Amino acid sequence: MPIRMSGLMSGMDTEAIVKELMSAQSLKKTKVVQAKTKLEWKQTKWADLNTKLTNLYNNFVTKMQLSTAYKTKKATVSDDSKAKVSANTNAVNGNYTMEVKNIATSQYLTGAVLGAKSGSAKLSELDPSLEGEEITIKNGSKTKKFVVDKNTTINDFTKTLREAGLNASYDTDQKRLFISSKETGLSNAFSITGAAFTVDETSKKAALLDAVDYNNMNAANKKIVDQAVKSLQTSGAGTDKYNAALDSLAKVSYEHKNEVAKQNATTYVKAGLYGAKYQELVDAGTDAAQADKEAAAWANQQIGEDASKLDIDRYVFDGIAQSDLDALSPEAMAKYYKNGAAESPAMQGVDQTTVRAALDTAATDYASVTNRTDTSAGGAALRALGITSISVAADGTVTKGTEPAGMKLIEASDSEIILNGAKLTSTTATVSANGLSIELVGKTKEDEPITFSVSNDVDGIYDSIKGFLKEYNEVMKEMNTLYGAESSKGYEPLTSEEKEAMTEEDVKLWEDKIKDSLLRRDSTLNGIIQGMRSAMMSTVSYEGKNYALSSFGIMTSTDYHEGGLLHIYGDPDDSVYSSQDDKLKKAIEDNPDALIATLTDVFGNLRKVMSDKMAGTKNSSALTFYDDIKMKNDVKEYEKDIKSWEDKLAEIEESYYKKFTAMETALAKLQSQQSSLAGLFGN
């Protein structure tokens, strides 16, 4: 920044003079700042109003244009200690009789007292003979298997129960198992049954697994075998299920054995190549160490793999006679290997069908085991846990084994009522029928039914209409106030200097005066007001007669200053019109169809008007009643203008200072010259 000489020679207050000069120049920038401020206030005003309009539209108008809003029903019950009834719009008006025969229950199983102090106790400690037994838990579509071994604990059992979708825990204070279904109803009943793994089954299963070489399979193949064996366990020999399981076993067994055979063949070929070359080199006089090195390199070249991986001790494998292998020359072996034969010599002539036939006997023996489901032995594991085997049939019939002393079973049940002579059921404590939702609380006595009636909810419909009109009036009243506000002509947003000279209260009053008038005579606001008023004044033709809101006592006031606010004649909360005839409530009772047709049509018109007003345009966003996009762009333009003026004013100010500096410099030179002349004349 250049050096400024502020009145050193002239004695003038340069700073004050420039400030006054700049004050006049800054007026144009100030006007732009004020215009931007007013526009931002206007944005806020519109945003607040927009929120109220969209709330009215979303929460009231869209609902009140539908006929379902006026078909509210109410149910009156003679004894709500037995049932609570609610009716939706589809419920049939009339009187009903009902008997509550049963309320849906969950299945509960409380075990007998055990000696175990904690859930970490092992089942083998409760009964040493339980090892090897299997417990099956069925809950809906879920089935979980639980096999007891020497380390199995009570907690392991409860964990499996929970995985099956049940509530289960072992209470260490009561030393009992507590098991229950999570939902009520027969469809949510659960079964717990036990079965022992017999010696016969175990040996036949072992034979089948050995036939497929199970122990040498990878994890993925073992999983396939497990699934197939499980399927065989529940199928009969020769059935479709049996054949599908056997096909699966044959396929995985063939693929596994073929892979093993190919690996063995590769190992043999490698070893054979190496061995033949090694002997050839030794016979030619090469020392053993060098022969080993060269033979390995040659075998590596022939096979294309790392010769160091050759395992000479593993070149004999099942399925190929040693004499047949010895007859192959190294060149023949290399040729065989490099030609990439699809199968090893051990698998030539063997296909999946051959493997299946070889497995058939072992699979049939396993599938034919009949005593694997003998619950007399398997029930021991359950009894050791203080419970018994429980089977639930599709019709809810429960079959139980021997119950340990102290065990208690509550069977699952459905709710059952007799409604107007018809038997109705439900899996929960709520029965739904013909638009009625009946929550059961207690059973009725034999031949002592309760009654309830269903009718139109006059008060509910009335209150709904009244609530909507209250919201409509509040929004309309605010818009009327904003549109008809007093003028704030002569008021502009205050500058910083002006605010400093005023109290906070005066500043607020000044700014509120401007803010309150920002939407005065606003054309967009007027369009919304007139459109909504017009929609609410529309007429509807129903069965040859014309209706309007006024036909049902929904009227505007005689005070035109209200600007079209609506009142319900006869409304006890309306101090002016409470004494008028209550046409609305009478219409709900006596002429609901005409009323509903009128309200849905009129409020439908209001919905359309509001929807059209808040449709998106190039100047406004969707769901917005004002030109929010244009206002944002205008604010940005004002900001550009303000920045431009700031730059321009900085240049003007600098120009003033340059001129004053030049003047001071000239005065300094003149004074210097005068001093020189005075000195000459004085001498």
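Since we're looking at a predicted model, the values are computed, not measured. As a basis for the values below, the full set of heavy atoms in this structure was taken, side chains included, without hydrogen atoms, waters or symmetry mates.
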State whether the side chain of [X] and the backbone N or O of [Y] hold a donor-acceptor pair below 3.5 Å, judged by distance alone.
{"X": "Asn480", "Y": "Gly563", "answer": "yes"}
{"X": "Thr495", "Y": "Glu498", "answer": "yes"}
{"X": "Asn188", "Y": "Thr184", "answer": "yes"}

Results of side-chain hydrogen bond (donor to acceptor under 3.5 Å, both in side chains) for [X] - residues two or more places apart only:
{"X": "Asp79", "result": "Ser81"}
{"X": "Lys408", "result": "none"}
{"X": "Thr160", "result": "none"}

Pairing donors with acceptors under 3.5 angstrom, does anything connect the side chains of [X] and [Y]?
{"X": "Thr624", "Y": "Asn50", "result": "no"}
{"X": "Thr143", "Y": "Lys138", "result": "no"}
{"X": "Thr105", "Y": "Ser413", "result": "yes"}
{"X": "Asp628", "Y": "Ser621", "result": "yes"}

Less than 4.0 Å between a side-chain N and a carboxylate O, is that true for [Y] and [X]?
{"X": "Asp459", "Y": "Lys74", "answer": "no"}
{"X": "Lys508", "Y": "Asp512", "answer": "yes"}
{"X": "Glu492", "Y": "Lys31", "answer": "no"}
{"X": "Lys499", "Y": "Glu511", "answer": "yes"}
{"X": "Glu637", "Y": "Lys630", "answer": "no"}

Could you check whether atom NZ of Lys159 has more than 12 heavy atoms from other residues, nucleotides or ligands sitting under 6.0 Å from it?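 Not buried by this count: 12 neighbours or fewer within 6.0 Å.
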Does a sphere of radius 6.0 Å around NZ in Lys73 hold more than 12 heavy atoms from other residues, nucleotides or ligands, not counting ones at 6.0 Å or beyond?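 Atom NZ in Lys73 is crowded, with more than 12 foreign heavy atoms closer than 6.0 Å.
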Taking distance alone, no hydrogens or angles, what donor-acceptor pairs closer than 3.5 Å link side-chain atoms of residues 460-467 to residues at least two apart or in another chain?
from   : atom 1 : to     : atom 2 : distance (Å)
Lys466 : NZ     : Asp571 : OD1    : 3.1
Lys466 : NZ     : Asp573 : OD2    : 2.3

Name all residues meeting the salt bridge (Lys or Arg N to Asp or Glu O under 4.0 Å) criterion together with Lys586; count only those two or more places apart in sequence or in a different chain, and write none if there are none.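 Lys586: salt bridge (Lys or Arg N to Asp or Glu O under 4.0 Å) contacts with Asp590.
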Candidates [options] - the one meeting side-chain contact (heavy atoms from CB on, under 4.5 Å) with [X]:
{"X": "Val602", "options": "Ile554, Thr539, Val540", "value": "Val540"}
{"X": "Leu595", "options": "Asn591, Leu599, Thr598", "value": "Leu599"}
{"X": "Phe190", "options": "Gln107, Lys142, Lys182", "value": "Gln107"}

From CA spacing to verdict: side-chain hydrogen bond (donor to acceptor under 3.5 Å, both in side chains), Asp647, Ser644: CA-CA 5 Å; Asp647 293 341; Ser644 177; over 6 Å; no
Qualifying side-chain hydrogen bond (donor to acceptor under 3.5 Å, both in side chains) pairs with a residue from residues 540-556, counting only residues at least two apart or across chains: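 Qualifying pairs, neighbours excluded: none.
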Within residues 423-434 or reaching into it, pairs that qualify as side-chain hydrogen bond (donor to acceptor under 3.5 Å, both in side chains) - sequence neighbours excluded: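 Matches after skipping sequence neighbours: Ser426-Thr428.
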Using side-chain heavy atoms (C-beta onward) and a distance below 4.5 Å, is Met610 in contact with Leu606?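 Counting from C-beta outward, Met610 and Leu606 do come under 4.5 Å.
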Phe603: ring pair (Phe, Tyr, Trp, His ring centres under 6.0 Å) partners, not counting sequence neighbours: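 Ring pair (Phe, Tyr, Trp, His ring centres under 6.0 Å) list for Phe603, sorted by chain: Phe468.
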Residues which pass ring pair (Phe, Tyr, Trp, His ring centres under 6.0 Å) with Trp510, listed by chain and number, not counting sequence neighbours: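 Partners of Trp510 by the ring pair (Phe, Tyr, Trp, His ring centres under 6.0 Å) criterion, ordered by chain and then number, come out as Tyr491.
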What is the minimum heavy-atom distance between Ser538 and Asn605, and which atoms define it?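 Scanning both residues, the minimum pair turns out to be OG-ND2, 3.1 Å.
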Given the ring of Tyr483, does Arg521 sit roughly above its face, with NZ or CZ under 6.0 Å from the centre of the six-membered ring and within 45° of the axis?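 Yes, Arg521 and Tyr483 form such a contact.
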Can you list, pair by pair, the side-chain donor-acceptor contacts under 3.5 Å of residues 37-47, counting residues two or more places apart and other chains?
from  : atom 1 : to    : atom 2 : distance (Å)
Thr37 : OG1    : Val33 : O      : 2.9
Glu40 : OE2    : Lys36 : NZ     : 2.8
Thr44 : OG1    : Glu40 : O      : 3.2

Name every donor-acceptor pair, under 3.5 Å, that has one atom in a side chain of residues 522-529 and the other anywhere in the protein, sequence neighbours excluded.
from   : atom 1 : to     : atom 2 : distance (Å)
Asp522 : OD1    : Thr524 : N      : 2.9
Asp522 : OD1    : Leu525 : N      : 3.0

For residues 555-599, pull every pair meeting ring-ring contact (aromatic ring centres under 6.0 Å, His included), keeping only residues two or more places apart or in separate chains.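 Counting only pairs at least two positions apart or across chains, the ring-ring contact (aromatic ring centres under 6.0 Å, His included) contacts touching residues 555-599 are His567-Tyr577, Tyr569-Tyr577.
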